[in-house]
Amino acid sequence: MPSSLAPLTDRVWTDQLERHVGEPVELKGWLHRLRRLAEVSFLILRDARGTAQVVIHDAALVERIAALQNESVLSVRGGVVAEPQAPGGVEIHEPEITVISEAQEAPPFDLYRPVIRAQLPTILDSAPVALRHPRRRAYFAMQAASMAGFRQTLRQLRFTEIQTPKIVGSATESGANVFALDYFGRPAYLAQSPQFYKQVMVGVFERVYEVGPVFRAEPHDTARHINEYVSLDAEMGFIENERTVMAVLTEVIRGMAAAIGEEAASALALLGITLPEVPGVIPDVHFLDAQAMITAATGEDLSHEPDLSPANERWLGEWARREHGSDFVFVRGFPMSKRPFYTARDPERPDFAAGFDLLFRGMELVTGGQRLHRYQDYVDEITRRGDDPANYADYLMAFRHGMPPHGGFAIGLERWIGQLVDAANIRETTLFPRDINRLSP
RNA sequence: GGCCCCGUGGUGUAGCCUGGCCUAACACGCCACCCUGUCAAGGUGGAGAUCGUCGGUUCAAAUCCGAUCGGGGUCGCCA
């Protein structure tokens with residue numbers, strides 16, 4: 001028998017039943033719930049797209065199904081009937097049911113309720129089954145659509161997708177903690193970001209992007225930090241200044257939101273979420289002006305603060321919504337003292353970076369900016385910071401051999417979804433979170 | 001790492017301060033039965049927890065004390 005795609009292509013999903021009214025179909029999926037009544041019972045079958053109601057009158061068949069635990073895998077053949085009383089307006093009648101795989105025990109919590117009634121640690125401990133819950137699945141459908149939108153937007157702008165190594169030989173970048181590992185007896189590290197490699201690749205493709213994991217060994221324990229997350233990175237050459245990067249980022253965010261609207265519409269509907277409007281031009285504010293506004297409004301003295309606190313970011317998020325009707329706001333020109341060495345300076349205010357953060361509903365979502373591109377600037381900056389350019393020889397090779405003005409950004413995927421769905425904790429929008437206490441599942 | 005808080009059936013909680021009536025309660029799940037259309041269905045009954053672990057105080061400990069393990073919040077650190 002030749003191999004065939006038929007088992008996949010012939011599949012009828014629960015969200016397509018309206019198209020099959022009056023026809024016999026075969027559905028496959030999980031036993032979501034059985035509601036038993038005296039004369040009639042309702043089997044709710046769940047597949048990757050949704051749920052369908054199966055009406056059973058046969059008492060013997062009800063007994064067979066009642067003996068199964070929820071989440072058993074079934075095949076259901078029956079006729080599709082339009083029925084106003086049915087959820088969704090269609091249901092399956094006169095079913096013939098085959099048990100494909102029997103669940104061994106009941107789920108640790110009810111997957112058929114509108115929301116899982118368990119605490120986050122319990123949900124995360126049971127991730128293989130908890131992720132099946134329609135609401136939790138919806139988060140990750142939005143995540144998948146976001147990645148697709150990111151890629152699609154950048155491809156249209158002639159960016160090339162790359163994959164850079166996650167095992168690296170030097171701890172690079174700032175003093176942020178890195179995970180060390182044993183690489184055949186030599187020390188190695190998990191990459192904290194694709195920063196160096198994506199810059200190097202600007203010398204090859206001019207415009208590159210990458211979707212991949214980054215690793216942070218910081219021992220923080222907060223609702224917005226995890227130790228492995230997905231970074232949506234882009235880097236581009238021949239920019240005018242950081243404004244070019246901001247314009248590209250605006251398009252990318254717009255593309256990601258649009259992709260969610262197109263590819264994850266049912267997830268949005270299930271969660272009752274309205275997509276944010278991405279303004280044609282996202283409002284921006286200089287770091288110093290942001291601080292001045294916060295001080296004027298709250299009396300908080302920020303004159304010696306080189307960064308914005310989470311509370312400051314929340315204030316700016318509210319300000320952007322109030323004053324500009326925008327869920328997004330750029331903060332430009334952070335002090336150089338807190339920025340990594342490859343950061344380009346604002347030519348008019350050299351103590352401040354030619355870079356930005358993008359806040360989304362009061363949380364930092366993206367960091368980006370223009371980078372240095374002249375070899376001597378790198379040597380000077382690394383030396384000024386008390387480091388040795390020789391430690392960065394491989395990276396600096398790109399600049400020794402000529403690089404254009406360039407810049408880029410990195411979006412935190414889990415934060416993007418977390419803010420969209422108003423999650424209290426970033427772990428809710430992370431498939432299998434890795435944090436200081438959690439290494440499994 | 002600092003400070004604060006919490007560990008009670010599969011899940012979520014009550015009880016703890018003011019020790020004994022705790023043979024540990026309630027809701028959901030699970031098991032059995034009932035109910036002509038459910039849709040977070042509804043009803044009746046049942047099983048299931050030596051109250052994280054170890055030690056101490058006491059006639060008596062889920063309850064008080066100590067240690068330990070696990071978890072949460074917050075601040076700090078942190079592209």
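A note on names: the letters A, B, ... follow the listed sequences, proteins ahead of strands, and every chain is numbered from 1.
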* **Lys NZ or Arg CZ of R400(A) over Y375(A) ring: under 6.0 Å, within 45°** => yes
* Answer with yes or no after comparing the ring centroid distance for F215(A) and F179(A) against a 6.0 Å cut-off, counting only values under it. => no
* Expressed in whole Å, how much space separates the C1' atoms belonging to C69(B) and C31(B)? -> 35 Å
* To do: Kindly write out the residues that satisfy salt bridge (Lys or Arg N to Asp or Glu O under 4.0 Å) with R151(A), not counting sequence neighbours, or none if the list is empty.
  => E161(A)
* Can you tell me, in whole Å, how much space there is between the P of U57(B) and that of C16(B)? => 25 Å
* side-chain contact (heavy atoms from CB on, under 4.5 Å) partners of E206(A), counting only residues at least two apart -> F238(A)
* Geometric cation-pi criterion, R385(A) with F341(A): 6.0 Å, 45° -> no
* To do: If a pair satisfies ring pair (Phe, Tyr, Trp, His ring centres under 6.0 Å) and one of its residues is in residues 410-438 of chain A, list it, with sequence neighbours excluded.
  => F360(A)-W416(A)
* Asked: Listed by chain and number, what are the salt bridge (Lys or Arg N to Asp or Glu O under 4.0 Å) partners of E210(A), not counting sequence neighbours?
  -> K166(A)
Please list, for nucleotides 13-16 of chain B, all pairs of protein and nucleotide N/O atoms separated by less than 3.5 Å.
unit_1 : atom_1 : unit_2  : atom_2 : d
U13(B) : OP1    : Q119(A) : NE2    : 2.5
U13(B) : OP2    : Q119(A) : NE2    : 3.3

* Structure fact -> Per-nt protein contacts along nucleotides 68-75 of chain B (heavy atom under 4.0 Å; B base, S backbone sugar-phosphate only, - none) come out as ---SSSB-
* Structure fact -> side chain to side chain donor-acceptor pair (under 3.5 Å) pairs touching residues 117-131 of chain A, sequence neighbours excluded, are D125(A)-R438(A)
* Please list, chain by chain and in numerical order, all residues satisfying side chain to side chain donor-acceptor pair (under 3.5 Å) with R243(A), sequence neighbours excluded. => D284(A)
* When you match F42(A) and V214(A) each to their closest nucleotide on RNA chain B, which lands nearer the 5' end? -> F42(A)
* Per the side chain to side chain donor-acceptor pair (under 3.5 Å) rule, which among D394(A), D387(A), D388(A) passes with N391(A)? -> D387(A)
* **Any residue meeting side-chain contact (heavy atoms from CB on, under 4.5 Å) with E414(A), in chain and number order, not counting sequence neighbours** => Q143(A), I226(A), Y229(A), V230(A), I426(A), T429(A), T430(A)
* Inter- and intrachain pairs under side chain to side chain donor-acceptor pair (under 3.5 Å), touching residues 97-107 of chain A, at least two apart -> none
Tabulated below should be each protein N or O lying under 3.5 Å from an N or O of nucleotides 26-30 of chain B; please produce it.
unit_1 : atom_1 : unit_2  : atom_2 : d
C28(B) : O3'    : R113(A) : NH2    : 2.8
C28(B) : O2'    : D110(A) : OD2    : 2.6
C28(B) : O2'    : R113(A) : NE     : 3.3
C28(B) : O2'    : R113(A) : NH2    : 2.9

* **RNA chain B stem ranges, 3 or more consecutive Watson-Crick or G-U pairs under 3.5 angstrom** => B:1-7 with B:69-75, B:10-13 with B:25-28, B:30-34 with B:42-46, B:52-56 with B:64-68
